[in-house]
Amino acid sequence: MKTNEHNKKAEQLDVHSTSNENEKLTTNQGLKINNNQDSLKAGERGPSLLEDFILREKITHFDHERIPERVVHARGSGAHGVFKLNKSLAAYTKAKFLTEPGKETPVFVRFSTVAGSKGSTDLARDVRGFAVKFYTDEGNYDLVANNIPVFFIQDAMKFPDLVHAVKPEPDNEIPQAASAHDTFWDFISLMAESMHMIMWVMSDRAIPRSLRMMEGFGVHSFKFINEEGKVHFVKFHFKPKLGVHSVAWNEAQIISGVDSDFHKRDLWEAIENGDYPEWDFGVQLIPEEDEHKFDFDLLDPTKLVPEEEVPVEIVGTLTLNRNPDNFFAETEQVAFHPGHIIPGIDFTNDPLLQGRLFSYTDTQLSRLGSPNFHEIPINRSLNTVHNNQRDGHMRQQIVKGKTSYEPNSIGGGCPFQAMMSEGGFTSQQERVSGVKIRERSKSFVDHYSQAKLFYNSQSTPEKTHLQNALIFELSKVTRPEIRERVVGQLAYIDMILAWRIAEKLGVEVKKLEWPNQSLPADSNIVELQSEEREPNTKISDALSMRHTVKNTIKTRKIGFILANGVDGGAVSDLKTKLEAEGAKVELIAPSLAPVKTNDGTDLIPKYSLTNTASVCFDALFICSGAESVKELMISENKHHVLHFINEAYKHCKAIYFGTDTQALYHNSNVSAKQHDDPGIITWEDGNPADKFIDAIAKHRVWDLEIERNTSS
């Protein structure tokens with residue numbers, strides 16, 4: 001009976017099941033699709049056209065796939081703050097918040113991971129969203145940025161495909177918040193345009209130490225327009241004042257188990273403690289007449305403008321100084337849109353940006369359930385809204401009067417259109433002409449030179465981390481042909497890198513020959529990827545984290561490991577010195593019971609050896625005191641203490657061994673250290689506190705990583 005019922009249910013389900021095997025792509029109306037790679041444009045570098053029903057259908061369906069959770073960027077953290085302009089940009093833009101030095105503009109910023117659900121870990125290897133809502137006097141301006149300056153794809157037509165590929169595989173919903181699986185790398189192996197972004201995502205940039213220690217980039221080229229109508233292309237940058245820092249991949253995996261809210265908690269606590277995160281806001285400015293002077297296309301979102309060619313001009317400061325009062329009402333309901341602009345800022349014909357201009361409104365309609373999402377308090381403009389839009393679900397604004405149309409005479413013609421002199425927005429009068437075409441510009445064809453630029457610019461430890469990330473990710477791919485295709489892509493970037501990856505994956509190194517037989521013979525993407533360019537061997541120092549800020553320990557979290565009998569004076573002296581430099585000291589003991597110092601004072605530990613881990617701290621101080629060390633060395637504590645020390649050592653952190661800690665030092669892996677290891681400070685060193693502070697400021701001793709891990 002049960003078997004028959006099961007079969008009957010299976011038959012019912014099978015009525016609506018289908019297979020795509022050996023079938024042609026169609027729209028939801030059954031129309032066969034000839035080109036699924038490119039949106040319809042007015043000329044190959046022209047703007048996308050509203051009539052592109054294939055793009056609109058594809059994006060609309062994608063935007064409505066998740067209710068109410070965001071399809072992408074579901075897991076986020078937010079904070080209020082202020083943007084202060086320090087240098088006028090009036091020569092380039094008429095946007096008022098960028099023209100009046102000293103002017104402060106309120107902001108709300110939402111950071112997020114991209115691939116995972118709301119319940120995923122903060123420490124996934126992923127792109128981070130860096131979305132900023134400026135509440136300007138002229139209306140809301142949304143700069144929807146990322147912590148990586150480029151993107152995977154060149155055309156919005158491919159965005160649903162990208163996200164479907166990286167999301168959990170649809171048959172088993174595995175894995176969560178991870179790109180290390182077949183469908184993602186299958187897609188990437190067939191998309192040469194993604195390889196620059198892959199270098200970034202496999203680098204340490206994808207696992208930041210803190211949201212406060214990562215950069216933000218506008219990704220697209222936008223336009224500035226000044227009062228005279230002069231146009232400049234602009235790239236936006238946020239540079240953290242604390243520097244750009246990361247954690248090791250192994251460390252990130254452990255943090256995910258110990259505290260999956262690590263980044264969210266870090267941001268919240270920093271603001272609550274008054275350690276307000278700050279970023280320098282800068283722009284790269286390119287005169288309109290110089291649009292074509294580069295060896296890449298400014299409209300290509302898979303390309304960056306090297307800072308050596310166009311320096312970043314720092315013009316302001318972004319400060320986050322207030323946590324939300326209610327996570328859902330603010331962080332969850334905030335609605336960003338790259339189409340929310342103000343006079344003086346305009347769009348380019350970047351085909352990814354053009355698609356986003358349609359997609360974001362459509363997404364908010366689905367996620368927030370109403371065209372009135374702009375009336376939610378976190379989304380409201382500082383200006384009172386005056387227009388003839390009415391009604392709709394959850395309407396809040398009550399508009400008096402009889403008329404809701406324009407032109408009208410009954411209402412005195414109100415609300416009136418604003419003249420340009422009154423701040424009325426006008427789009428740039430740009431000549432647009434071209435054959436209506438569904439193709440990619442030939443200027444977008446070089447997919448490897450900037451990927452090579454990024455890889456060549458990395459330090460040796462950064463290259464090692466990137467290599468290990470690729471090995472980890474691709475070792476999770478079960479299909480050998482996918483691994484081989486990815487290695488074939490890597491061979492265009494760096495042959496040694498490709499060889500090392502191939503050796504670990506058990507595949508051969510063979511440069512992919514385009515056209516690839518796995519693609520349709522008439523596919524436009526084949527034609528574009530068939531051209532092999534000369535490798536770009538330039539270096540850009542701005543692309544490596546070795547050049548970041550390494551002169552401060554502000555907000556760094558230092559763990560003091562101690563037990564009864566600890567030298568209270570030594571603890572107090574070092575704590576005072578570290579806190580004077582802006583660091584946060586937290587005590588770790590065998591239990592949460594008060595710890596008696598050698599002078600009889602009680603110290604209250606925040607953590608026990610069993611409820612936290614070394615990965616939650618930037619550095620460790622093994623506190624002075626023979627009696628303290630004796631208690632830490634008893635069997636029930638020894639294993640935990642040594643694991644703390646060895647793990648911190650493995651992750652290249654600074655460790656300071658105080659007086660009388662020889663037993664712990666010699667029983668740990670640290671005792672095998674070389675004398676030139678600047679991250680290890682002992683009781684024998686002169687000026688140990690100063691050396692400890694200097695070691696913490698350097699973030700990690702990445703250059704000795706291999707040596708440290710070997711001795712471990």
Side-chain angles (χ1 to χ4, degrees), residues 209-210 212-213 242-243 245-248 251 254-255 258-259 262 265-267 269-270 272-275 549-563 566-590 592 595 597 603-609 611-625 628-629 632 640-641 643-659 661 664-665 668 670 677-683 685 687-701:
R209 157 61 180 85
S210 166
R212 303 174 291 112
M213 300 174 193
L242 294 177
H245 301 288
S246 70
V247 298
E251 188 180 4
I254 299 170
I255 293 172
V258 176
D259 184 3
F262 184 75
R265 192 185 315 279
D266 174 89
L267 178 66
E269 290 182 349
E272 288 296 296
N273 293 333
D275 296 318
V549 175
K550 294 181 180 178
N551 60 3
T552 179
I553 67 169
K554 187 178 179 182
T555 77
R556 292 295 183 154
K557 193 173 174 181
I558 318 301
F560 279 29
I561 298 181
L562 45 74
V566 67
D567 185 336
V571 169
S572 178
D573 289 347
L574 184 59
K575 183 174 183 290
T576 299
K577 195 158 191 173
L578 291 171
E579 290 178 342
E581 297 287 336
K584 300 298 178 186
V585 171
E586 294 181 339
L587 307 184
I588 309 163
L592 295 180
V595 173
T597 69
L603 298 177
I604 309 299
K606 183 173 182 178
Y607 300 101
S608 72
L609 291 170
N611 77 353
T612 189
S614 73
V615 293
C616 297
F617 302 90
D618 292 292
L620 295 179
F621 173 46
I622 315 304
C623 295
S624 303
S628 173
V629 172
L632 293 174
H640 297 298
V641 176
H643 182 70
F644 246 90
I645 295 170
N646 293 338
E647 191 172 63
Y649 182 63
K650 175 182 178 180
H651 294 143
C652 303
K653 297 179 180 179
I655 307 174
Y656 173 16
F657 289 85
T659 306
T661 61
L664 287 169
Y665 175 80
S668 73
V670 182
D677 189 332
I680 304 302
I681 293 89
T682 73
W683 60 93
D685 291 316
N687 301 315
D690 293 336
K691 290 182 178 178
F692 188 44
I693 289 171
D694 185 61
I696 300 168
K698 296 294 190 293
H699 179 61
R700 302 292 176 88
V701 192

Novice: On the 0 to 90° scale, with breaks at 30° and 60°, tag the Phe617-Phe644 ring pair as parallel, tilted or perpendicular.
Specialist: tilted

Novice: Run through Asp618, Ile558, Asn273 and flag the one making a side chain to side chain contact (heavy atoms under 4.5 Å, CB included) with Lys584.
Specialist: Asn273

Novice: Is the backbone N or O of Gly568 less than 3.5 Å from a side-chain atom of Ser572, with the two atoms forming a donor-acceptor pair by type?
Specialist: no

Novice: Kindly indicate, with the supporting measurements, whether the criterion side chain to side chain contact (heavy atoms under 4.5 Å, CB included) is fulfilled by Ile681 and Phe657.
Specialist: CA-CA 6 Å; Ile681 293 89; Phe657 289 85; over 6 Å; no

Novice: Is a donor from one side chain sitting under 3.5 angstrom from an acceptor on the other, for Thr555 and Asp275?
Specialist: no

Novice: Is there side-chain contact between Asp567 and Val571, with at least one heavy-atom pair below 4.5 Å?
Specialist: no

Novice: Do Val595 and Leu587 make a side-chain contact, defined as non-hydrogen atoms from C-beta onward lying under 4.5 Å apart?
Specialist: no

Novice: If you look at every heavy atom in Ala695 and Pro678, which pair is closest and at what distance?
Specialist: CB-O, 3.6 Å

Novice: Once rounded to the nearest 0.5 Å, what's the spacing between atom NZ of Lys691 and atom OG1 of Thr682?
Specialist: 8.5 Å

Novice: Looking at every heavy atom in both Pro590 and Leu632, which two are closest together, and how far apart are they?
Specialist: CG-CD2, 4.0 Å

Novice: Would you give the length of the straight line joining atom CD of Glu251 to atom SG of Cys652, rounded to the nearest 0.5 angstrom?
Specialist: 9.0 Å

Novice: Do you know which two heavy atoms are closest between Ala248 and His651, and how far apart they sit?
Specialist: CB-CD2, 4.2 Å

Novice: Roughly how far apart are Thr552 OG1 and His699 NE2, rounded to 0.5 Å?
Specialist: 13.5 Å

Novice: Output the distance between atom CD1 (Ile255) and atom CG (Asp259), rounded to the nearest 0.5 Å.
Specialist: 8.5 Å

Novice: Could you tell me if the side chain of Val641 sits less than 4.5 Å from the side chain of Ile645, heavy atoms only?
Specialist: yes

Novice: I need the Ile622 CD1 to Ile561 CD1 distance, nearest 0.5 Å.
Specialist: 4.0 Å

Novice: What pair of heavy atoms forms the shortest contact from Tyr665 to Ile680, and how long is it?
Specialist: CE1-CG2, 4.4 Å

Novice: Given 3.5 Å as the limit, does a donor-acceptor pair link the side chain of Ser624 with the main chain of Gly658, or not?
Specialist: no

Novice: For the side chain of Asn611 and the backbone of Ser608, is there at least one donor-acceptor N/O pair under 3.5 Å apart?
Specialist: yes

Novice: Below 4.0 angstrom, N of the basic side chain to O of the carboxylate: do Lys577 and Asp573 qualify?
Specialist: no

Novice: Would you call the rings of Tyr656 and Phe621 parallel, tilted or perpendicular, taking 30° and 60° as the class edges?
Specialist: tilted

Novice: Take Ile588 and Leu562 through the side chain to side chain contact (heavy atoms under 4.5 Å, CB included) test and state the conclusion after the steps.
Specialist: CA-CA 6 Å; Ile588 309 163; Leu562 45 74; over 6 Å; no

Novice: Quick test of your reading of the model: are Lys557 and Glu269 salt-bridged, counting only N-O distances below 4.0 Å?
Specialist: no

Novice: Would you check if there is a donor-acceptor pair between the side chains of His245 and Arg700 at a distance under 3.5 Å?
Specialist: no

Novice: Is there a donor-acceptor pair under 3.5 Å between the side chain of Ser628 and the backbone N or O of Ala563?
Specialist: yes

Novice: Start with the C-alpha gap between Phe560 and Glu586, add the side-chain angles, then the distance that decides, and say whether side chain to side chain contact (heavy atoms under 4.5 Å, CB included) holds.
Specialist: CA-CA 6 Å; Phe560 279 29; Glu586 294 181 339; over 6 Å; no

Novice: For the pair Val258 and Cys616, evaluate side chain to side chain contact (heavy atoms under 4.5 Å, CB included) and give the outcome as yes or no after the intermediate values.
Specialist: CA-CA 8 Å; Val258 176; Cys616 297; 3.6 Å; yes

Novice: About how many Å separate CD1 of Ile655 and CG of Leu620, when rounded to the nearest 0.5 Å?
Specialist: 5.5 Å

Novice: What's the shortest heavy-atom distance between Asp266 and Ser210, and which atoms?
Specialist: OD2-OG, 2.6 Å

Novice: Who passes side chain to side chain contact (heavy atoms under 4.5 Å, CB included) against Glu581, sequence neighbours left out?
Specialist: Ile553, Ile693

Novice: What do you reckon, is CG of Asn687 surrounded by more than 12 foreign heavy atoms closer than 6.0 Å?
Specialist: no

